[in-house]
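Below, all heavy atoms of this structure are taken into account, side chains as well, without hydrogens, waters or symmetry copies. Not measured: the values here are computed from a predicted model.
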Amino acid sequence: MSKKKNHQFETKVIHSGQKPDPTTGAVMTPIVLASTYNQSSPGVHKGYDYSRSTNPTREAFENCIADLENGIKGYGFSSGVAAISACVELLSPGDHIIAMDDLYGGSVRLFNEIKSISQGIEISYVDMTDIINIKNNIKNNTKMIFIETPTNPLLKISDLSKITKLAKKENIITVCDNTFASPYNQRPIDFGVDIVIHSATKYIGGHSDLIAGALIIGKNDKKLIDRMSNIHNSLGPITSAFDSYLLLRSLKTLVVRMERHNKSAFEIANYLKKRKDIKNVIYPGLKNHPQHKLSSKQMNGFGGIISFEIKGNLSKAKSFLRKTKIFTLAESLGGVESLIEHPGLMTHASLSKQRRDEIGISDTLIRLSVGLENVDDLKRDLDQALN
């Protein structure tokens with residue numbers, strides 16, 4: 001369980017869930033690679049019996065990420081999708097999920113192609129920027145509201161307070177994918193969300209060198225915690241000890257990284273907005289963003305992701321994507337290096353063309369993950385590629 005302390009976020013990222021190793025005094029949490037542990041008597045041990053169930057290095061990461069999200073209990077997963085899959089295991093066959101319409105393509109694939117078949121889960125996708133859309137889709141079997149804010153790739157912002165208030169009234173569990181914001185920019189549990197999920201591969205890992213996920217339970221609900229602990233242990237999609245160590249290392253610089261991501265992305269968004277060869281720039285920090293006021297209130301920073309539409313057609317977009325020198329054409333986001341991608345052909349290619357058109361993922365939509373390079377170099381790189 002996470003032990004809350006009256007420390008500020010900058011202190012928590014460095015110290016939460018961790019203490020010097022009692023054997024050697026090592027300041028950094030050791031990587032415990034053991035799969036099994038000595039028992040002094042049958043069933044009598046030091047809190048660890050088998051590393052699928054619990055591991056000292058993973059436990060330190062789980063306690064740290066739970067504290068950063070102001071949650072009660074954290075779980076380390078092998079990927080963000082694994083965390084989402086485990087979360088849906090809380091439901092029963094025939095249950096109904098209301099999910100954000102602009103959702104990470106991997107989440108949609110998991111819901112539509114796996115969970116709807118293996119678990120018999122029903123899913124409705126709605127635009128959660130309007131609470132009425134959620135109200136109109138609540139059924140007797142609705143058991144979960146799955147939020148993503150900001151969304152991938154259109155950066156829509158949902159009002160977490162309004163959604164959780166409605167959900168509690170209807171006795172519906174709320175889940176928020178907080179990957180795009182990170183716990184530095186947004187803490188959904190503070191707004192009443194029951195469960196927070198991360199693809200820890202992104203901003204939490206921050207260096208494009210691991211795949212991991214995290215799930216945090218926000219309230220002291222013993223039944224919910226016991227169920228998730230059983231799911232986590234029984235299915236076994238755990239974060240490895242080494243990746244847990246890397247995540248702990250990366251979290252120590254989360255604040256300084258996010259401050260740079262936020263600052264550079266804001267500057268680049270304003271730069272793109274002034275260009276005549278750009279049709280539309282989507283960034284919550286811009287005043288013309290439909291939910292700018294909400295994001296200013298709900299978030300501590302606007303993040304490092306920018307989406308924009310280039311003027312022209314798909315061929316023009318492809319040509320631009322091939323020409324960048326510093327921005328690397330690759331999937332994923334949140335790393336120290338800047339990435340650029342085409343959602344329609346890459347991260348959201350699993351969606352049909354019709355579905356992409358319905359939610360606004362056009363053939364000329366580009367997504368940037370702004371890294372930690374010099375911001376003037378990044379602007380010059382975009383300029384030469386656009387020209």
Side-chain angles (χ1 to χ4, degrees), residues 9 69 100-104 107 126-131 133 146-164 176-191 193 196-199 202-204 206 254-255 257-275 278-310 332-335 338-341 343 347-348 359-362 365-372 375 378-379 382:
F9 191 88
E69 284 285 5
M100 185 65 176
D101 62 347
D102 178 33
L103 202 63
Y104 166 54
S107 300
V126 306
D127 182 355
M128 292 189 182
T129 59
D130 189 342
I131 194 72
N133 294 330
F146 192 92
I147 313 157
E148 190 179 285
T149 181
T151 61
N152 181 6
L154 297 176
L155 302 172
K156 294 181 180 180
I157 309 294
S158 298
D159 193 320
L160 294 173
S161 293
K162 286 184 179 180
I163 294 173
T164 56
C176 181
D177 186 332
N178 199 33
T179 299
F180 265 36
S182 88
Y184 176 76
N185 280 339
Q186 181 175 263
R187 289 177 282 281
I189 288 168
D190 291 352
F191 299 94
V193 169
V196 171
I197 286 175
H198 285 277
S199 170
K202 313 304 192 294
Y203 286 113
I204 292 172
L254 179 65
V255 172
R257 287 188 287 112
M258 292 310 302
E259 287 176 346
R260 182 64 171 264
H261 287 304
N262 291 341
K263 182 180 178 181
S264 294
F266 181 78
E267 188 170 334
I268 290 174
N270 279 283
Y271 155 77
L272 291 170
K273 187 181 175 184
K274 296 174 183 177
R275 292 193 63 101
I278 301 297
K279 180 180 177 182
N280 181 36
V281 181
I282 308 169
Y283 185 68
L286 297 178
K287 290 184 178 179
N288 66 344
H289 187 284
Q291 294 92 42
H292 173 69
K293 288 184 178 180
L294 174 61
S295 60
S296 300
K297 174 184 175 183
Q298 189 168 276
M299 300 176 70
N300 181 52
F302 301 112
I305 307 300
I306 304 167
S307 292
F308 64 94
E309 290 181 288
I310 188 173
S332 197
L333 58 106
S338 292
L339 303 177
I340 188 169
E341 69 108 6
T347 55
H348 291 69
I359 61 180
I361 301 177
S362 69
L365 184 73
I366 309 294
R367 191 191 75 187
L368 302 180
S369 174
V370 179
L372 306 186
V375 69
L378 293 175
K379 286 189 287 186
L382 293 171

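Side-chain polar atoms of Ser107 and Glu148 form no donor-acceptor pair below 3.5 angstrom.
You'll find the side chain of Ile305 stays beyond 4.5 Å of the side chain of Pro150, heavy atoms only. Contact annotation: the side chain of Leu160 approaches that of Gln186 to within less than 4.5 Å [non-hydrogen atoms, C-beta and beyond].
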Audit row: Asn152, Arg367, side chain to side chain donor-acceptor pair (under 3.5 Å) steps and yes/no: CA-CA 9 Å; Asn152 181 6; Arg367 191 191 75 187; 2.9 Å; yes

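Smallest separation of non-hydrogen atoms from Pro284 and Ser295: O-OG, 3.4 Å. Summarising the geometry of Pro183 relative to Glu69, their closest heavy-atom pair is CB-OE2, 3.5 Å, with the distance given to 0.1 Å. Nearest heavy atom pair, residue Ile147 against residue Ser158, reads CG2-CB, 4.1 Å.
Using a 30° and 60° split on the angle between ring planes, His261 and Tyr203 fall in the perpendicular class, above 60°.
Between the side chain of Thr164 and the backbone N or O of Phe191, at least one donor-acceptor pair lies under 3.5 Å.
How far CD1 of Ile157 is from NZ of Lys293: 15.5 Å, rounded to the nearest 0.5 Å. In this structure, NE2 in His348 is found 7.5 Å from CD in Glu341, a value given to the nearest 0.5 Å. For the atom pair CG of Leu272 and NZ of Lys379, the computed distance is 10.0 Å after rounding to the nearest 0.5 Å.
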